Amino acid sequence: MKIESLGLPDEVIRFYLDSGIEELYPPQAEAIEKGLLEGNNLLAAIPTASGKTLLAELAMLKAISNGGKALYIVPLRALASEKFDRFRSFSSLYVKGEGKAGIRVGISTGDFESRDEWLGSNDIIVATSEKTDSLLRNETSWMEDITTIVVDEVHLLDSANRGPTLEVTLTKLMKLNPGCQIIALSATVGNAYEIADWLKAKLVLSEWRPTDLHEGVYLKGNINYHGSQKRIEPRTRDDAINILLDTLEEGGQCLVFESSRKNSVSFAKRSGAKIGETLDKPTRNALDILVEQIVENGETETANELAKCVRNGTAFHHAGLNSAHRRIVEDGFRDNKIKVISSTPTLAAGLNLPARRVIVRSYRRYDPNYGMQPIPVLDYKQMAGRAGRPHLDPYGESVLIAKSYNEMTGLFDNYIDADAEDIWSKLGSENALRTHILSTIVNGFATTREGLLEFIEATFFAHQNDTWGIMDVVDECLDFLRDNKMLEGEDTLVPTALGRLISTLYIDPLSGAYIVNGLKKAEHITDLTLLHLICKTPDMRQLYMRSGDYEIINDIVIAHSDEFAEIPPRSREIDYEFFLAEVKTALLIQDWIGEKTLDSITKKFNVGEGDVHAFADIAEWLMHASSRLAGLIAPEMSIDVSNMTSLLEKRIHYGASPELIELVSIRGIGRVRARKLYDNGLKTVDDIRKSSHKRIAELIGPKTAAKLFTEIGLHLEFTSDDSGEVTLKTMDSLMGNEQSTFSDFEK
DNA sequence: GACGAACCAATTAGATGGCGTCCAA
DNA sequence: TCTAATTGGTTCGTC
């Protein structure tokens with residue numbers, strides 16, 4: 001099927017022809033035949049990289065040319081910005097009516113937001129599923145104008161913590177905009193027809209890929225495929241490294257999937273020792289540049305470890321890395337400088353980072369209750385699917401590693417030849433229902449118990465299960481919400497001010513109850529009280545206890561026993577272990593806002609830089625919620641803690657002591673630079689204004705200093721002459737004509 | 001004969017993928 | 001439950 005034959009506006013056709021797309025892939029053609037461009041709902045369950053995005057694009061562009069508006073829902077922030085960047089290339093398409101303006105695209109995620117009202121003026125809006133839920137909860141007006149909804153990675157309905165949000169959000173959207181076209185994109189799963197049925201969508205089911213994928217199992221020197229075999233030279237004693245060397249010899253790159261962060265680091269190190277020997281001079285030089293960037297962008301030991309690997313052409317990748325390191329590794333691999341990435345499943349879903357060959361070094365993952373467990377087929381398929389770069393490789397290869405013949409046949413049966421598991425709604429649990437029942441009532445989708453039942457009947461859960469079984473759980477949730485003064489009334493359910501606030505703050509009602517009750521009960525309120533309180537909530541992610549931790553944390557609990565909002569449990573009680581983990585998490589945040597170095601925090605708590613920021617992120621959000629809740633219940637409390645919570649919120653944001661808050665609020669000045677200025681007597685913005693430029697530039701470097709002056713309203717010129725002398729010239733008359741000169745400031 | 005590298009087997013310690021949400025300039 | 005790291009001991013080669 002030709003792209004010209006689709007009846008799209010000429011400009012759109014030209015756009016695709018210019019980018020080299022003339023002919024549709026078979027699954028795409030099937031989607032067209034099933035009415036994609038006539039407004040039919042559609043579920044495309046096809047492999048990654050087989051053109052799902054194009055399907056969505058065609059439908060969205062068609063809708064927009066008819067005056068519509070599209071919402072594109074993704075599961076990951078990284079994916080949101082990837083799609084945003086892609087859709088922005090439509091800005092040159094003047095398909096709307098008389099061609100007044102190009103297509104406008106907006107993005108809305110937790111960390112990157114075009115403002116809400118303005119967001120509505122876009123033709124395409126990209127958002128995460130949680131953000132979409134949040135926009136619905138805040139009753140954003142333009143939601144009703146949406147005519148086309150694209151749901152990417154819809155198989156995430158199966159996820160226990162995030163699936164219910166997606167499910168409820170879709171249900172609400174369908175109720176709100178009954179005429180809306182829904183295009184759902186999914187990996188190949190067992191019961192795609194069931195999801196399609198729920199969405200009243202036509203199903204396109206296909207295994208077709210633009211690049212062939214050969215899946216094999218390595219056993220004793222050979223990779224075995226269906227009907228063929230490939231010999232691997234046993235150059236070292238490590239099988240996986242031999243496969244790597246073989247790939248590199250053929251000019252390919254390799255992605256290696258490991259089961260834990262620790263393993264991914266250790267494999268990158270080990271394989272680097274061998275691979276480094278095979279690199280040529282130009283590659284080494286290119287890698288050295290990356291090594292420099294890595295060292296510059298890290299404050300911890302991880303930077304050195306990563307640098308050591310990258311020098312040898314390997315790298316590790318997991319969520320403990322900071323964002324700069326992640327980006328350097330990803331880009332380095334794309335530019336074919338880094339030859340091997342040893343990664344946790346971070347890279348399996350989401351980011352588009354294909355390689356010639358994929359090695360799945362471990363198909364088991366640790367579970368504290370059951371020991372090592374085999375991963376789902378779907379997870380394996382996602383990893384294997386990363387093999388083969390479209391248009392670049394003739395085919396991709398994925399390799400599992402077996403130690404015995406029996407294991408090999410098992411792997412063929414259970415992974416390579418197996419169908420992916422069915423998707424099951426996870427909405428039935430109390431944890432999931434509690435929060436969504438509250439928001440459903442707050443937003444008026446249901447006002448009675450019967451109304452609630454009717455709403456649930458429209459969900460995917462009800463599509464798969466009888467709903468009579470769920471009503472007990474629903475009643476428990478309603479009781480909980482009433483007991484905690486979030487709802488009122490028996491026949492008609494009316495949200496209270498507290499209930500409304502909790503729904504819009506987007507926290508779990510259980511978190512809300514913990515915080516409210518804790519604030520009321522606590523007698524001796526300190527930073528630790530509040531930090532522990534938020535670390536206790538189910539919205540917070542907790543640290544694990546390690547064998548050496550018990551004694552240390554226990555001592556701290558005893559020393560501060562009157563500061564907790566509850567009486568600390570005794571060592572025999574079941575809650576004891578949980579309590580200590582909560583305190584440990586609170587201590588991490590305390591170190592962070594106490595300006596402990598990232599290096600010391602990562603070592604002490606055995607986490608990565610990326611984790612520290614992630615913990616701080618969640619803590620900041622929950623502290624903000626606490627602040628709002630404290631304000632609401634202030635009349636019932638003996639003391640007002642709003643000041644404490646809002647100061648803590650700022651401190652967590654910057655990771656700084658109270659005295660630095662003024663300095664750190666200047667853009668470009670973080671906790672480290674602010675501390676340097678402060679300790680040198682520059683404690684306020686005013687101090688900086690009055691001080692000499694030379695001094696400041698000496699403290700934080702002339703470039704940062706120049707930015708700092710601009711930020712606080714002093715305009716400086718920054719020049720450098722042939723001899724490398726740098727001059728900072730004040731353009732602001734307030735400062736007189738002071739001129740400062742430095743040389744050799746860098747080191 | 002002293003020393004270190006390389007190797008092997010046996011034992012022990014330690015692990016536990018990733019993700020999102022709030023507000024506001 | 002599994003794997004990587006550690007430990008202890010042996011062998012071999014070299015000076």
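We name chains A, B, ... by the order of the sequence lines, and we start the count at 1 in each one. From a predicted model like this one, the values you see are computed outputs, not experimental measurements.
Once the 5.5 Å centre distance and the 30° plane angle are applied, the aromatic ring of A:Trp621 is found not to be stacked with the base of B:dC23.
Contact annotation for A:Arg541: no contact, since no heavy-atom pair falls under 4.0 Å across all strands. A:Asp611 comes within 4.0 angstrom of nothing in the nucleic acid, heavy atoms only. Within 4.0 Å (heavy atoms only), A:Asn263 reaches sugar-phosphate atoms of the nucleic acid but no base atom. Heavy atoms of A:Ala319 sit under 4.0 angstrom from primed sugar atoms or phosphate atoms, though from no base atom. The residue A:Thr504 sits close only to the backbone: its heavy atoms come under 4.0 Å of sugar-phosphate atoms, none of a base.
To the nearest angstrom, C1' of B:dT21 lies 10 Å from CD1 of A:Ile618. When the P atom of B:dG18 is taken as reference, atom CE of A:Met383 falls 12 Å away, rounded to whole Å. Across the protein-nucleic acid pair, A:His155 atom NE2 and B:dG18 atom C1' stand 13 Å apart, rounded to whole Å. Rounded to an integer number of Å, the gap from A:His613 NE2 to B:dC19 P is 15 Å. Spacing between atom CZ of A:Arg77 and atom P of B:dG18 amounts to 16 Å, rounded to whole angstrom units. Following rounding to the nearest Å, A:Tyr544 (OH) and B:dA15 (C1') show an atom-to-atom distance of 10 Å. Taking atom CG on A:Leu505 and atom C1' on B:dC23, their separation rounds to 9 Å, with Å as the unit. In this structure, the NE2 atom of A:His653 is 15 Å from the P atom of B:dC22, given to the nearest Å.
Between A:Phe579 and A:His532, a ring centre-to-centre spacing shorter than 6.0 Å is recorded.
Relative to the side chain of A:Met372, the nucleotides C:dC2, B:dA15, B:dG17 differ in distance, and C:dC2 lies closest. Picking from B:dC22, B:dT21, B:dA15 the nucleotide with the shortest atom distance to the side chain of A:Glu130 gives B:dT21. Side-chain proximity of A:Arg361 to B:dA15, C:dA4, C:dT3: nearest is C:dA4. Picking from C:dT1, B:dC22, C:dA4 the nucleotide with the shortest atom distance to the side chain of A:Tyr366 gives C:dT1. In this structure, the nucleotide among B:dC23, C:dC2, B:dG20 sitting nearest to the side chain of A:Arg364 is C:dC2. Of the candidate nucleotides B:dT21, B:dC19, B:dG18, B:dC19 has the atom nearest to the side chain of A:Arg162.
Base-pair partner of C:dA5: B:dT11 (Watson-Crick or G-U wobble, both distances under 3.5 Å). Pair assignment for B:dA24: none, as no Watson-Crick or G-U wobble contacts are both less than 3.5 Å. Across the strands present, C:dT14 finds its partner in B:dA2; the criterion is a Watson-Crick or G-U wobble pair with both atom distances under 3.5 angstrom.
For B:dC19 and C:dT1, the P atoms lie 30 Å apart once the distance is rounded to whole Å.
No side-chain donor-acceptor contact under 3.5 Å links A:Asn263 to the backbone of A:Ser259. Using a distance-only test at 3.5 Å, with no hydrogens or angles considered, no donor-acceptor pair links the side chain of A:Arg651 to the main chain of A:Trp592. For the pair A:Thr496 (side chain) and A:Met486 (backbone), a donor-acceptor distance under 3.5 Å is present.
A salt bridge is defined here as a Lys NZ or Arg NE, NH1 or NH2 lying under 4.0 Å from an Asp or Glu carboxylate O, and A:Glu620 with A:Lys650 fails to meet this definition.
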Item to complete: Take A:Leu378 and A:Thr188 through the test side chain to side chain contact (heavy atoms under 4.5 Å, CB included) and record every step on the way to the result.
Response: CA-CA 8 Å; A:Leu378 187 60; A:Thr188 30; 5.9 Å; no

Just do the side chain to side chain contact (heavy atoms under 4.5 Å, CB included) check on A:Ile515 and A:Thr537 with the steps written out, would you?
-> CA-CA 8 Å; A:Ile515 293 170; A:Thr537 64; 4.0 Å; yes

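Taking only side-chain nitrogens and oxygens, A:Arg261 comes nearer than 4.0 Å to OP1 or OP2 of B:dG18. Within the 4.0 Å cut-off from OP1 or OP2 of B:dT21, at least one side-chain nitrogen or oxygen of A:Thr128 is found. Residue A:Asn138 places none of its side-chain N or O atoms closer than 4.0 Å to OP1 or OP2 of B:dC22. Residue A:Ser266 has no polar side-chain atom (N or O) positioned under 4.0 Å from OP1 or OP2 of C:dA4. Look at A:Lys262 and you won't find any side-chain N or O under 4.0 angstrom from OP1 or OP2 of B:dT16.
Between A:Ala625 and A:Ser259, it is A:Ser259 whose nearest contact on DNA chain B lies nearer the 5' terminus.
Between the base of B:dG20 and the side chain of A:Asn161 there is no donor-acceptor pair shorter than 3.5 Å.
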